[in-house]
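Remarks on the structure that follows.
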Amino acid sequence: MRTEGARVLVAGATGVLGRALAEGLHEQGARVVAAGRDPERLGEVAAGLGTTGRQLDVVDAGSCAAAVHGAVEELGGLDLLVVATGAAGFGRAVELDEAVAEELFAVNTLGPIALVRAAAPYLAEARDGEGTAAVLSAVLADLPTAGMADYSAAKAALATWLQVLRREQRRSFRVLDVRPPHLDTGLDTRALAGEPPRLPAPMPHEQVVRAILEAIVGEATEVAMDGKELVVR
């Protein structure tokens with residue numbers, strides 16, 4: 001798709017990765033609306049983008065729909081939805097607190113799904129038939145990890161949903177599933193619960209941002225790990 005003049009909503013734009021994506025798309029000439037939870041950071045990001053920041057509570061489906069509809073109203077439509085929301089949580093499969101497990105699925109699975117559902121009708125009407133939903137799941141969808149059972153399962157559930165969505169909407173809009181590895185964004189230090197197991201050295205988030213931007217302007221449907229290499233395909 002062409003990013004010049006594209007109408008874009010970035011959900012999770014108050015996080016490190018989401019903000020970098022929002023700013024990168026803006027630099028490419030897109031009209032970008034940022035949505036996120038932290039009001040102070042949201043104000044900073046929105047000011048740089050020149051649009052109205054949209055408050056977003058990803059565990060509330062109504063808030064997800066409101067963010068989408070607000071962006072559509074401001075932009076006059078929607079060509080690209082980027083979902084970069086997420087939360088980490090650690091603990092053995094039989095020991096994790098049920099409330100933590102529920103929040104992991106709410107943030108990592110149900111919230112992104114609610115955002116895509118709300119955006120789907122607008123993406124189907126995007127300019128030049130180039131509507132795209134770019135959603136970050138995680139490498140955990142492919143490589144579930146001990147000490148991260150529920151976190152892995154939530155990401156795998158989202159990746160599976162996106163795979164089916166791609167088949168169902170193949171004539172309506174493109175679905176891009178981004179499954180990055182452990183990154184240097186500090187997400188593991190802000191976990192809902194527990195301590196992370198031993199993790200590999202983090203990949204610089206800038207590398208993932210470049211890959212996502214490359215995938216968006218092309219025809220790719222995945223950004224994923226192939227061994228130790230991040231590939232766009």
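Computed from a predicted model, the values in this text were never measured in an experiment.
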Can you check side-chain contact (heavy atoms from CB on, under 4.5 Å) on Leu187 and Leu17, steps first, answer last? CA-CA 10 Å; Leu187 186 65; Leu17 198 60; over 6 Å; no
Going through the checks in order, is the side-chain contact (heavy atoms from CB on, under 4.5 Å) test met by Arg2 and Val217? CA-CA 6 Å; Arg2 294 180 295 111; Val217 300; over 6 Å; no
Side chain [X], main chain [Y], donor-acceptor under 3.5 Å:
| X | Y | answer |
| --- | --- | --- |
| Arg167 | Val164 | no |
| Thr132 | Arg174 | no |
| Asp128 | Glu130 | no |

Under 4.5 Å between any side-chain heavy atoms of [X] and [Y], yes or no?
| X | Y | answer |
| --- | --- | --- |
| Ser63 | Gln55 | no |
| Leu115 | Val68 | yes |
| Leu213 | Leu25 | yes |
| Val33 | Arg54 | yes |
| Asp150 | Val100 | no |
| Glu73 | His69 | no |
| Val139 | Met203 | no |
| Asn108 | Tyr151 | yes |

Less than 4.0 Å between a side-chain N and a carboxylate O, is that true for Glu222 and Arg179? yes
Can you tell me if [atom1] on [X] sees more than 12 non-hydrogen neighbours from other groups inside 6.0 Å?
| X | atom1 | answer |
| --- | --- | --- |
| Arg166 | CZ | yes |
| Arg171 | CZ | no |
| Glu74 | CD | yes |

Where [X] and [Y] come nearest, the two heavy atoms and their spacing:
| X | Y | result |
| --- | --- | --- |
| Thr185 | Arg190 | O-NH1, 3.3 Å |
| Asp226 | Arg233 | CB-NH1, 4.5 Å |
| Ser137 | Lys155 | O-NZ, 3.4 Å |
| Met1 | Ala6 | CE-CB, 3.9 Å |
| Thr14 | Asp38 | CG2-O, 3.6 Å |
| Ala13 | Val45 | O-CG2, 3.6 Å |

Option among Val223, Ile216, Val232 that satisfies the side-chain contact (heavy atoms from CB on, under 4.5 Å) test with Val178: Val223
Could you give me the CA-CA distance, side-chain angles and deciding distance for Leu136 and Ile212, then say whether side-chain contact (heavy atoms from CB on, under 4.5 Å) is met? CA-CA 10 Å; Leu136 277 79; Ile212 295 171; 4.3 Å; yes
Between Leu56 and Cys64, does a side-chain contact (heavy atoms from CB on, under 4.5 Å) hold up when you go through it step by step? CA-CA 6 Å; Leu56 173 65; Cys64 292; 4.0 Å; yes
To the nearest 0.5 angstrom, please state how far the [atom1] atom of [X] sits from the [atom2] atom of [Y].
| X | Y | atom1 | atom2 | value |
| --- | --- | --- | --- | --- |
| His26 | Glu23 | NE2 | CD | 8.5 Å |
| Ile113 | Phe105 | CD1 | CZ | 10.5 Å |
| Leu49 | Arg31 | CG | CZ | 12.0 Å |
| Leu165 | Phe173 | CG | CZ | 4.5 Å |
| Leu158 | Leu140 | CG | CG | 12.0 Å |

For residues 101-124, which residue pairs qualify under salt bridge (charged side-chain N to carboxylate O under 4.0 Å, His left out), counting only residues two or more places apart or in two chains? none
Hydrophobic cluster membership, [X] vs [Y], 4.5 Å side-chain cutoff:
| X | Y | value |
| --- | --- | --- |
| Leu162 | Val58 | yes |
| Trp161 | Leu123 | yes |
| Val231 | Met225 | no |
| Val16 | Leu183 | no |
| Val116 | Val107 | yes |

Run the side-chain donor-acceptor check on residues 78-95: report pairs under 3.5 Å with partners two or more places apart or on a different chain.
| unit_1 | atom_1 | unit_2 | atom_2 | d |
| --- | --- | --- | --- | --- |
| Asp79 | OD1 | Arg7 | NH2 | 3.0 |
| Asp79 | OD1 | Arg127 | N | 3.0 |
| Asp79 | OD2 | Arg7 | N | 2.9 |
| Asp79 | OD2 | Arg7 | NE | 3.0 |

